[in-house]
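Quantities reported herein were computed from a predicted structural model and do not represent experimental measurements. Note that these values count all heavy atoms, side chains included, but never hydrogens, waters or copies made by symmetry.
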Amino acid sequence: MTPEEIDALITSLTIFTLAILVGFAVISKVPATLHTPLMSGANSIHGIVLVGAMLIAAEATDGVSQLISLVAVAFAAMNVVGGYVVTDRMLQMFRKKPTAPKPRAEDAEAAS
């Protein structure tokens, strides 16, 4: 490896490490009540990852790159669908449950 390539690798690894630390610091400060809505929304927004995986799959030429791109598309699709499923389940928790109709006074008297 040339010195320029080593410098680029070290720079990339530094940015990656800093991104991990900042992400951990931000996520650890999110209260538990907001964690599920934020994560489900973030997962559903990751449709752009699916588009990117499909673009890469379209450019794949050999068998290995086609296999890797297929796995990338599958994981991205699962991520998007999972985000919507979790969001739907979370929203169902806030819906009012149907209540049974109250018995009428006439029905109560007839039963006695």
So V73 and L50, do their side chains get closer than 4.5 Å, heavy atoms only?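 Result yes, sub-4.5 Å side-chain heavy-atom pair found.
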What pairs of donor and acceptor atoms, side-chain ones from residues 53-62 against any protein atom, are under 3.5 angstrom apart with sequence neighbours left out?
from : atom 1 : to  : atom 2 : distance (Å)
D62  : OD1    : S65 : N      : 3.4
D62  : OD1    : S65 : OG     : 2.4

For residues 7-16, dump all side-chain donor-acceptor pairs below 3.5 Å to protein atoms at least two apart in sequence or in another chain.
from : atom 1 : to  : atom 2 : distance (Å)
T11  : OG1    : D7  : O      : 2.8
S12  : OG     : A8  : O      : 3.0
T14  : OG1    : I10 : O      : 2.7

